[in-house]
Asker: 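One structure follows; several queries about it will come next.
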Amino acid sequence: MKKGTEQEEQGAPLAAGLHAWYAENHRVLPWRGITDAYRIWISEIILQQTRVVQGFEYYNRFISRFPDVRSLAAADDDEVMKLWQGLGYYSRARNLLTAARQVVERFGGEFPTTYEGIRSLQGIGDYTAAAVASFAYGLPHAVVDGNVYRVLSRIYGIDTPIDTTEGRKLFAALADELLDRKDPGGYNQALMEFGALYCVPRSPQCGRCIFADRCMALATHRVEELPVKQGKTVVKPRYFNYFYVRQGGDTWIRRREGRDIWRNLYELPLIETDEEQGLDDLQRSGIWAELFHDAGQVGVSSQVYSCKHVLSHRIIHARFYMVETEFAPDMTGYMKIPVERLGDYAVSRLTESFLEKLSMNYPSLF
DNA sequence: AAGTCGGGGTG
DNA sequence: CACCCAGACTT
């Protein structure tokens, strides 16, 4: 109570300017101006570490296929992965399904209406819980995302690294203190939109910034230095050798399991090596023998496609070969499917590129 | 606290 | 090329 009174007397320092700026400058998006917690939730998950333009069509497809939480809870895992194909961070899709089922089981199919209830769902952390709680229900929880870190670190000249426990606590407390408790949802959206459109990472629009008169970073010429991050991303190489196996109109794929990259996506038979390997070395490997020991004559093409698949923390050196076998190999762990069914399965962008290349160069194989 | 998980845009 | 994007989870 005391805090609320204090804030009313002082006025939330950023709120007035942000609301006015937002009214003039915001983008119109399908997940804005609605109070359906389900749709807001879906949009927030899709937009995690993802730009609006990249997630836009995924959101539309997802909502038209799964318009409410019960339809999603009843969904087939593979169909959800297929809808998510190409978007990245695939654990989001798996968690989405888990959370939808949690809503049905624990909340009777009604999306939870408290911050704690929302936060308890799989895949929802502090940010997403605050976003849904404030947007859908007007609850007073401040969002802290990449935009908020940037805007606040600059206006207040804070150089505490944002990827440390100390930094996260500091910015969470500041964001909470600054929150406009009369319109938490509108304020949160405005702050993030301002970070996304004006206070951008490089070459921000300081010349027309509504906070130019009070921005510490601008005054001290440190705008481009803030926010500070301490962690540096180390990119490790991996070597993937894929085999497009053909026999009598069939091919073989499997679903990736474990905690590795692309979990729950499908892929062609793979031999991963810890360094660059030629085809002859691969053919001498134990995995090759395991794959093709009962396949009769095995004909292998030279590399049909090779590329470096660049991710934020990995660079995957990939090579694809085409293999034709005399008999259907009994490849343990892989499943046989008709070639024309390949498109039904969710695959990584890497495999997608290969299949696209293949259909361009060898249309007869499809 | 540090590592892991994708893919694409930007200057 | 480095950095970042409506982050969350595991170890």
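Chain letters run A, B, ... following the sequence lines, proteins first and then strands; every chain starts at 1. What you are looking at is a predicted structure, and each value in this text was computed from that prediction instead of being measured.
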Asker: Looking at A:T114, A:I118, A:I40, which one forms a side-chain contact (heavy atoms from CB on, under 4.5 Å) with A:Y137?
Answerer: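 Going through the options one by one, the only one that passes is A:I118.
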Asker: Which heavy atom of A:G108 sits nearest to which heavy atom of A:R70, and what is that distance?
Answerer: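 Minimum heavy-atom contact is O-NH2, 2.9 Å.
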Asker: Do any side-chain nitrogens or oxygens of A:H313 fall under 4.0 Å of OP1 or OP2 in B:dT4?
Answerer: no
Asker: Once you apply a heavy-atom cut-off of 4.0 Å, does A:E224 come out as touching a base, just sugar-phosphate, or nothing?
Answerer: nothing
Asker: Output the single nucleotide from B:dG8, C:dC3, B:dC5 whose closest atom is nearest the side chain of A:R349.
Answerer: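 The nucleotide sitting nearest to the side chain is B:dG8.
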Asker: Nearest-nucleotide wise, let me know which of A:T164 and A:R263 is further upstream toward the 5' end of DNA chain B.
Answerer: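 Looking at DNA chain B, the more 5' nearest nucleotide goes with A:T164.
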Asker: Between A:E57 (CD) and B:dG8 (P), how many Å, whole number?
Answerer: 15 Å
Asker: What is the distance from atom CG of A:N264 to atom CH2 of A:W84, rounded to the nearest 0.5 Å?
Answerer: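 Answer rounded to 0.5 Å: 13.0 Å.
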Asker: Give a yes/no verdict on a cation-pi contact between A:R214 and A:F211, requiring under 6.0 Å between NZ or CZ and the six-membered ring centre and an angle within 45° of the axis.
Answerer: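 Geometry flag: not set, cation outside 6.0 Å or 45°.
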Asker: Reading DNA chain B from 5' onward, which residue's closest nucleotide shows up sooner: A:V310 or A:S203?
Answerer: A:V310
Asker: Just to verify, what does A:E225 make a salt bridge (charged side-chain N to carboxylate O under 4.0 Å, His left out) with, not counting sequence neighbours?
Answerer: none
Asker: Just checking, is any N or O donor in the side chain of A:Y305 or A:N361 under 3.5 Å from an acceptor N or O on the other one?
Answerer: no
Asker: Touch check for A:G86, heavy atoms < 4.0 angstrom, all strands: base, sugar-phosphate only, or nothing?
Answerer: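 Here A:G86 touches the backbone only, sparing every base.
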Asker: Could you tell me whether A:D260 contacts a base, only the sugar-phosphate backbone, or nothing, with contacts defined as non-hydrogen atoms closer than 4.0 Å?
Answerer: sugar-phosphate
Asker: Between C:dA6 and B:dG11, how many Å separate the two P atoms, rounded to a whole number?
Answerer: 14 Å
Asker: Summarise how protein sits on nucleotides 5-11 of chain C as a single string, 5' to 3': B when a protein heavy atom is under 4.0 Å from the base, S for sugar-phosphate-only contact, - for no contact.
Answerer: BBBSSSS
Asker: Taking C:dC9 as the reference, what is the distance to B:dG8 when you measure between their P atoms (whole Å, please)?
Answerer: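 24 Å, rounded to whole Å.
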Asker: Check whether any side-chain N or O of A:K236 sits under 4.0 Å from OP1 or OP2 of B:dT4, and answer yes or no.
Answerer: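 Yes, such a contact exists.
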Asker: Below 4.0 angstrom, which residues in residues 63-77 of chain A have at least one non-hydrogen atom near DNA chain C?
Answerer: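 Output list: empty, so none.
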Asker: Going through the distances and angles, do A:R238 and A:D260 end up as a salt bridge (Lys or Arg N to Asp or Glu O under 4.0 Å)?
Answerer: CA-CA 12 Å; A:R238 293 180 74 171; A:D260 202 2; 2.8 Å; yes
Asker: Please report the distance, rounded to the nearest Å, between CG in A:L265 and C1' in B:dG7.
Answerer: 12 Å
Asker: Identify the heavy atoms of A:S120 and A:R106 that sit nearest to each other, and give their distance.
Answerer: OG-NH2, 2.6 Å
